There are 2 protein chains.
Amino acid sequence: MKNSLKVWRAKKDITQEQLAMEMEVTRQTINAIERGKYDPSIKLAFKMARFFECSIEDIFFYE
Amino acid sequence: MKNSLKVWRAKKDITQEQLAMEMEVTRQTINAIERGKYDPSIKLAFKMARFFECSIEDIFFYE
DNA sequence: ACATAATGTCATGTTTACTTTACATTGTGA
DNA sequence: TCACAATGTAAAGTAAACATGACATTATGT
C-alpha cells in the first residue's frame, strides 16, 4: 500500500507534527505511515481524507 | 464506524463465508465487521470495495 | 558556522484486527 | 418435522497499528 501523504501535507504546508496533532496520533505514526512502514487504520484514513477534503482513495493506493 | 456490508452482500447474493473466502479472511471476521464488533483494516476495506466495485466510502461510514 | 526545526529511527509496551476452534442459534428447503 | 445451511458468539492466541521516550540525522534560517 502506497500513499501520497507527503504531497497532501505539502499542499497544506504543514509538518508531520502538525498533522499528527490534527489526527490525534503521534508524530511517529505519521512518519511511519508516510514512509510506508505500516498502513493506517481505516479510522485514521477516514480522518485524513476528511482533513484534506478528499477521498481515502485519493491518498492511499492499494496494490 | 458503521457499514452496509450486509446490503452489498445481499446485492451479490453471497454468504458471509463466500465473502470471507473472496477476501481471504475468516467467516468470523466478516461476521464481526458486519455486526460492528470491530472495524476492518484499510487493506480489507480496499479489497471489499474492489470486490463490490465501489468506493470504501460506499461501504463504510465514519461518524 | 551555529542554532533550531523537521524528520528519521529504535526499543518497549498496549490495543485491536484477525485466526482458530468450538458450540449454539436461527433460517430454509424438502 | 427434520436435516442442514447460515449466522451468532466466545475463549485464547498471533500480528499489526499505535504510543512513549529517547536519540540521531537532515534541513533551514540567520
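The analysis underlying the following values was restricted to heavy atoms, covering all of them including side chains, and did not include hydrogens, waters or symmetry mates. Lettering of chains follows the sequences in order, A, B, ..., and the numbering in each one begins at 1. Note that the structure is predicted; figures quoted are calculated from it, not measured.
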Chemist: Tell me every residue that passes side-chain hydrogen bond (donor to acceptor under 3.5 Å, both in side chains) with B/Ser41, counting only those two or more places apart in sequence or in another chain.
Modeler: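 Partners of B/Ser41 under the side-chain hydrogen bond (donor to acceptor under 3.5 Å, both in side chains) test: none.
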Chemist: Just how large is the angle between the end axes of the helix from C/dA1-D/dT30 to C/dA30-D/dT1, five pairs per end, to 10 degrees?
Modeler: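 Here the helix ends are tilted 60° relative to one another.
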Chemist: Which residues pass the ring pair (Phe, Tyr, Trp, His ring centres under 6.0 Å) test with A/Phe46, sequence neighbours left out?
Modeler: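 Partners of A/Phe46 by the ring pair (Phe, Tyr, Trp, His ring centres under 6.0 Å) criterion, ordered by chain and then number, come out as B/Tyr62.
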Chemist: What residues in residues 47-63 of chain A put a non-hydrogen atom under 4.0 Å from any atom of DNA chain C?
Modeler: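 Heavy-atom cutoff 4.0 Å gives no residues at all.
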Chemist: If the sugar-phosphate is the primed atoms plus P, OP1 and OP2 and the base is the rest, what is the B/S/- string for nucleotides 17-30 of chain C, using protein heavy atoms under 4.0 Å?
Modeler: SBBBBB--------
Chemist: Under 4.0 Å between a side-chain N/O of A/Asn31 and OP1 or OP2 of C/dG8, yes or no?
Modeler: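 Checking A/Asn31 against C/dG8: at least one side-chain N or O falls below 4.0 Å of OP1 or OP2.
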Chemist: The criterion is salt bridge (charged side-chain N to carboxylate O under 4.0 Å, His left out); which residues satisfy it with B/Glu53, sequence neighbours excluded?
Modeler: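 In terms of salt bridge (charged side-chain N to carboxylate O under 4.0 Å, His left out), with neighbours along the sequence ignored, B/Glu53 is linked to no residue.
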Chemist: With sequence neighbours left out, which residue pairs that include part of residues 16-38 of chain A fulfil the salt bridge (charged side-chain N to carboxylate O under 4.0 Å, His left out) condition?
Modeler: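 Applying salt bridge (charged side-chain N to carboxylate O under 4.0 Å, His left out) to every pair that reaches into residues 16-38 of chain A, excluding sequence neighbours, yields A/Arg9-A/Glu34, A/Glu24-A/Lys47.
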Chemist: Reading DNA chain D 5' to 3', which nucleotide is the first, and which the last, to come under 4.0 Å of any heavy atom in chain B?
Modeler: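 Range of nucleotides touched by chain B: D/dA6 to D/dA10.
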Chemist: Quick test of your reading: applying salt bridge (charged side-chain N to carboxylate O under 4.0 Å, His left out), list the pairs with at least one residue in residues 54-63 of chain A, sequence neighbours left out, ordered by first then second residue.
Modeler: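 Only A/Glu63-B/Arg50 qualify under salt bridge (charged side-chain N to carboxylate O under 4.0 Å, His left out).
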Chemist: Suppose we screen for salt bridge (charged side-chain N to carboxylate O under 4.0 Å, His left out). Which residues come up paired with B/Lys43, at least two apart in sequence or across chains?
Modeler: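 Here the qualifying residues are A/Asp39.
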Chemist: Please list, pair by pair, any protein nitrogen or oxygen found under 3.5 Å from a nitrogen or oxygen in nucleotides 3-5 of chain C.
Modeler:
none

Chemist: Under the side-chain hydrogen bond (donor to acceptor under 3.5 Å, both in side chains) test, which residues partner B/Asn31, sequence neighbours left out?
Modeler: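 Scan of B/Asn31 (side-chain hydrogen bond (donor to acceptor under 3.5 Å, both in side chains), adjacent residues dropped) gives B/Gln16.
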